[in-house]
Amino acid sequence: MKRLTLLFAMAGFAILSAQSFSFADDELLSPLFLRQNRSSPWVYGAHIETGLYVNQYGQKNTYTGNTDWPGGPDDWSGNTILNQNTQQSDWQMNQAWVYFGKELNTRCGWDLGGRVDFLYGTDARYAQSAGLEKDAGHGYWGSGDYYSALGQMYAEVGYGRLSAMVGKFFSPLGHESLNATERFFYSLSKSYGVAPDTNTGVLATWQATDRFSIFGGWVQGANQFCDTSRDNSLVSGFEYDLCDHTTLGYALQVGSNTRDDFDYFYHSLYLTHELNDRWEYTFEWSLANEKTSGLKHGIYGIDQALYYRLNCRWVLGLRLEWMHDYEAGDSNDMYGITLGANWKPRPWLLVRPEVRYDKMHGGGMPFNQTKSFGLDPKSEQFSGGFSTVVRF
């Protein structure tokens, strides 16, 4: 399996060695676009994503312990390990998403802005924060598979090349977005589950040059919103356009979770490279370390994808993943291959089919657990489905 891991990495760097050309004006990974007047600082919009996802065993998810949230390996017997699409063989609404905000324009001095995102569906659980949507004293925003969340709710102030956000916002770690209109594949990668989903606090950004920006700030912890635990966490990173075709980004978050009594360190290094007007490549190295009472848990690995534009309506994508998980002397390697497509028959409509293969190596048998009553667990699984995204 070490050879397979090395092969994954070598394949990525081999792709990077290809000759680079510029992309066409319409971006490869932006199948949908904003419909509002781009001369206005006000931004607004909405979309609905619905879809169907199945796995080869017909295994539905089971929620044990905390009944409103899929837990650890005992709950990985259905689609939950895919970080999304929890309803096996059932049509689901992943997200009904509405947003409104004002972008900063600091060319003439000081300016104020902000943004609010609200979503409902099976994906909303990933945008929830302790102390707001997940408040043990006042109930949760949803149950079972369907939840609601204020994904973002922040004010922003800026002057010249300096700006700062105050409130709740999506984590800057990683290149993949929960927003269905801002990513290629229907299912999320394993690396998406490594970093926090949301932060609440203050995050400042300095645009040092036209190509280089650096950010940093304080947040109350991973996926927390004014929580009674009063945790503190540092978030920092940068983004650098190496050239017109290549972007390098890095982000980290370090702090403590007093609610569950552990210290953590998360980081993400990603790169996007446009090979020519038809090919694009992305690479991400992510890591999470957690320590509590002398017990260490960690996960790290590589997520990379290659995209090919067939024409103005069709784009193909291939994603390769490897993640290594360890705790108390036990470890597992998780491998994943996803083949997907984006079909855009209309500017407001996107259809995303995909097929996926996941493999656990090292003793983990997460698939087909509950359906076989633990008698025939599997270490690998084929799955697939499709979604439709309608933007308003």
Side-chain angles (χ1 to χ4, degrees), residues 24-53 83-87 90-105 112-129 132-133 141-142 144-156 165 167-171 175-188 192 197-198 307 309 311-315 317 340-354 385-392:
D25 291 338
D26 51 334
E27 297 179 1
L28 172 64
L29 303 184
S30 299
L32 302 174
F33 55 85
L34 300 178
R35 300 181 63 190
Q36 63 263 23
N37 185 352
R38 296 307 297 156
S39 64
S40 170
W42 297 98
V43 294
Y44 53 87
H47 71 264
I48 294 178
E49 181 188 32
T50 62
L52 177 71
Y53 218 84
N83 292 327
Q84 197 189 37
N85 306 320
T86 56
Q87 291 188 316
D90 292 331
W91 193 268
Q92 62 188 309
M93 183 175 71
N94 294 90
Q95 48 189 249
W97 194 303
V98 180
Y99 69 93
F100 176 81
K102 179 180 179 293
E103 295 180 337
L104 288 179
N105 182 357
L112 297 175
R115 176 162 170 153
V116 176
D117 292 70
F118 176 83
L119 63 151
Y120 172 79
T122 57
D123 289 352
R125 70 180 68 212
Y126 306 110
Q128 291 190 334
S129 300
L132 183 62
E133 302 95 344
W141 291 14
D145 291 319
Y146 282 86
Y147 291 81
S148 301
L150 279 168
Q152 297 190 113
M153 183 175 54
Y154 64 84
E156 194 170 16
M165 294 190 301
K168 177 182 177 181
F169 41 85
F170 289 121
S171 170
H175 74 282
E176 194 172 26
S177 174
L178 179 64
N179 191 322
T181 67
E182 297 177 357
R183 70 174 190 272
F184 183 89
F185 292 99
Y186 182 22
S187 65
L188 292 165
Y192 178 85
D197 301 285
T198 65
Y307 308 97
R309 184 201 302 272
N311 50 48
C312 63
R313 297 182 183 274
W314 282 94
V315 181
N342 278 199
W343 175 46
K344 188 180 68 173
R346 294 290 185 271
W348 50 268
L349 176 63
L350 173 67
V351 181
R352 298 191 298 187
E354 75 172 48
F386 71 95
S387 74
T388 58
V389 182
V390 178
R391 189 154 192 173
F392 303 95

- Among Tyr186, Trp91, Tyr53, the one residue meeting ring-ring contact (aromatic ring centres under 6.0 Å, His included) with Phe386: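 Testing each of Tyr186, Trp91, Tyr53 against Phe386, the sole residue satisfying ring-ring contact (aromatic ring centres under 6.0 Å, His included) is Trp91.
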- Is it true that Tyr307 and Phe184 have ring centroids separated by less than 6.0 Å?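 Between Phe184 and Tyr307, which both carry aromatic rings, the centre distance is below 6.0 Å.
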Enter the distance from [X]:[atom1] to [Y]:[atom2] here, rounded to the nearest 0.5 Å.
| X | Y | atom1 | atom2 | answer |
| --- | --- | --- | --- | --- |
| Lys344 | Cys312 | NZ | SG | 7.5 Å |
| Ser387 | Leu350 | OG | CG | 6.5 Å |
| Leu132 | Met153 | CG | CE | 5.5 Å |
| Ile48 | Phe392 | CD1 | CZ | 4.0 Å |

- Item | Non-neighbouring partners of Ser148 that pass side-chain hydrogen bond (donor to acceptor under 3.5 Å, both in side chains), sequence neighbours left out |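 Per chain and number, Ser148 pairs via side-chain hydrogen bond (donor to acceptor under 3.5 Å, both in side chains) with no residue.
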- Task: Check side-chain hydrogen bond (donor to acceptor under 3.5 Å, both in side chains) between Asp117 and all other residues, then give those that pass, not counting sequence neighbours.
- Result: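 side-chain hydrogen bond (donor to acceptor under 3.5 Å, both in side chains) list for Asp117, sorted by chain: Trp97, Arg115, Gln152.
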- Set of residues satisfying ring-ring contact (aromatic ring centres under 6.0 Å, His included) with respect to Tyr120, sequence neighbours excluded: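 ring-ring contact (aromatic ring centres under 6.0 Å, His included) list for Tyr120, sorted by chain: Tyr146.
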- Looking at residues at least two apart in the chain, or sitting in another chain, which of them share a ring-ring contact (aromatic ring centres under 6.0 Å, His included) with Phe169?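 Phe169: no ring-ring contact (aromatic ring centres under 6.0 Å, His included) contacts found.
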- Asn179 and Ser177 side chains, donor-acceptor separation under 3.5 Å: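 Asn179 and Ser177 do not have a side-chain donor-acceptor pair below 3.5 Å.
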- Query: Any luck finding a side-chain donor-acceptor pair between Tyr192 and Asp197 under 3.5 Å?
  - Reply: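 There is such a pair between these side chains.
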Would you call [X] and [Y] a side-chain contact if the rule is heavy atoms closer than 4.5 Å?
| X | Y | value |
| --- | --- | --- |
| Glu156 | Leu112 | no |
| Leu188 | Glu176 | yes |
| Val389 | Thr181 | yes |
| Thr198 | Ser129 | yes |
| Trp42 | Phe100 | yes |

Side-chain donor or acceptor of [X] paired with backbone N/O of [Y] under 3.5 Å:
| X | Y | answer |
| --- | --- | --- |
| Arg346 | Trp348 | no |
| Arg309 | Val315 | no |
| Lys168 | Leu150 | yes |
| Gln92 | Thr122 | no |

- Task: Quick one: sort the Trp314 and Trp343 rings into parallel, tilted or perpendicular, breaks at 30° and 60°.
- Result: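 Geometry flag for Trp343 against Trp314: parallel rings.
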- Query: Which residues pass the side chain to side chain contact (heavy atoms under 4.5 Å, CB included) test with Val98, sequence neighbours left out?
  - Reply: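 Side chain to side chain contact (heavy atoms under 4.5 Å, CB included) check on Val98 returns Ala46.
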- Message: Applying side chain to side chain contact (heavy atoms under 4.5 Å, CB included), can you list everything that pairs with Ala149, at least two apart in sequence or on another chain?
- Response: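 Result, side chain to side chain contact (heavy atoms under 4.5 Å, CB included) vs Ala149: Leu119, Ala124, Ala127, Gln128, Glu133.
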- Task: Compare every heavy atom of Leu178 with every heavy atom of Gln95, then report the nearest pair and how far apart it is.
- Result: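 In terms of heavy atoms, the two residues are closest at NE2-O, 3.2 Å.
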- Task: Identify the heavy atoms of Asn94 and Gly51 that sit nearest to each other, and give their distance.
- Result: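 That closest heavy-atom pairing would be OD1-N, 3.8 Å.
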- Message: Could you check whether Arg352 pairs with Glu49 (Lys NZ or Arg NE/NH1/NH2 to Asp/Glu carboxylate O, under 4.0 Å)?
- Response: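 A salt bridge links Arg352 with Glu49.
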